[in-house]
Amino acid sequence: VYLHRTCFEYFQEQLEIQPDRPRFYAASKVVDSEALPDCKEFHQTGDFLYEERVNPMDFAKGGSLAHVKEFLAAGEPPIYIGWGSMIAHGLPQEDMLRLALKAVRSAGKRAVILGGWA
């Protein structure tokens with residue numbers, strides 16, 4: 001799965017592996033309408049979306065997400081920091097968290113920090 005056009009160049013050798021394997025480019029044709037690399041099994045799918053349904057009762061007092069609701073209501077809107085599926089090579093997760101906390105403190109802001117899933 002390719003998430004950005006620069007990945008085509010970075011992983012050029014992978015595009016040439018035989019036999020052809022399915023390859024997916026997760027970008028809308030509205031955002032990127034340029035021609036794809038010349039590979040038989042290359043498909044532009046559009047964005048990958050995951051819709052998670054949250055039970056509103058989770059935000060009620062005693063619910064599993066009540067603390068999030070309380071935090072959001074307790075002050076100015078927080079900034080969001082997250083890494084998604086990115087991995088920082090040579091930087092342990094603990095150091096990434098410390099870096100984010102230092103930046104938030106330096107800015108004098110509140111934040112919601114989410115770890116990645118990779």
Side-chain angles (χ1 to χ4, degrees):
V1 174
Y2 298 87
L3 301 176
H4 194 273
R5 185 164 285 277
T6 56
C7 294
F8 302 160
E9 295 169 18
Y10 189 77
F11 295 106
Q12 181 64 37
E13 292 176 8
Q14 312 268 309
L15 295 173
E16 298 168 2
I17 293 175
Q18 293 297 321
D20 268 339
R21 294 164 175 80
R23 295 164 178 92
F24 303 97
Y25 179 36
S28 167
K29 290 182 180 180
V30 172
V31 174
D32 186 349
S33 60
E34 292 182 39
L36 295 175
D38 188 23
C39 290
K40 181 179 170 186
E41 291 291 326
F42 209 106
H43 309 279
Q44 189 165 2
T45 63
D47 299 332
F48 287 1
L49 301 174
Y50 174 73
E51 292 185 31
E52 182 177 0
R53 306 235 185 263
V54 177
N55 183 342
M57 294 306 296
D58 289 342
F59 290 101
K61 188 168 182 113
S64 63
L65 298 173
H67 63 288
V68 175
K69 183 178 179 181
E70 292 166 8
F71 173 76
L72 294 174
E76 69 177 79
I79 58 173
Y80 162 78
I81 299 173
W83 291 270
S85 63
M86 295 188 309
I87 299 171
H89 292 286
L91 190 62
Q93 293 175 348
E94 296 82 9
D95 290 345
M96 290 177 66
L97 177 58
R98 281 189 201 94
L99 182 63
L101 290 171
K102 184 176 180 180
V104 169
R105 286 184 188 122
S106 294
K109 299 290 185 181
R110 297 169 2 115
V112 173
I113 301 174
L114 297 178
W117 51 266

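Hydrogens, waters and symmetry mates are skipped; everything else that's a heavy atom, side chains included, is used.
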[X] side chain near [Y] side chain, heavy-atom distance below 4.5 Å:
X: Val112; Y: Phe71; value: yes
X: Glu94; Y: Arg98; value: yes
X: Trp83; Y: Ile113; value: yes
X: Gln44; Y: Lys29; value: yes
X: His43; Y: Arg23; value: no
X: Ile81; Y: Val104; value: yes

Is the number of heavy atoms from other residues, nucleotides or ligands under 6.0 Å of Gln12 CD greater than 12?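 It does: Gln12 CD has more than 12 such atoms within range.
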Could you tell me whether the side chain of [X] and the main chain of [Y] form a donor-acceptor pair under 3.5 Å?
X: Asp32; Y: Glu34; answer: yes
X: Arg110; Y: Glu76; answer: yes
X: Glu70; Y: Leu65; answer: no

Restricting to non-hydrogen atoms, name the atom on Leu72 and the atom on Pro78 that form the minimum distance, rounded to 0.1 Å. CD2-CG, 3.6 Å
Minimum heavy-atom separation for Ala66 to Ala60, with atom names? CB-O, 3.3 Å
Check the hydrophobic clustering (I, L, V, M, F, W, Y; side-chain heavy atoms under 4.5 Å; chains of links allowed) and say if [X] and [Y] are grouped together.
X: Phe11; Y: Phe8; result: yes
X: Leu99; Y: Tyr80; result: no
X: Val68; Y: Leu114; result: yes

Ring centres of Phe24 and Phe42 under 6.0 Å apart? no
Please step through side chain to side chain contact (heavy atoms under 4.5 Å, CB included) for the pair Tyr25 and Thr45, ending with a clear verdict. CA-CA 6 Å; Tyr25 179 36; Thr45 63; over 6 Å; no
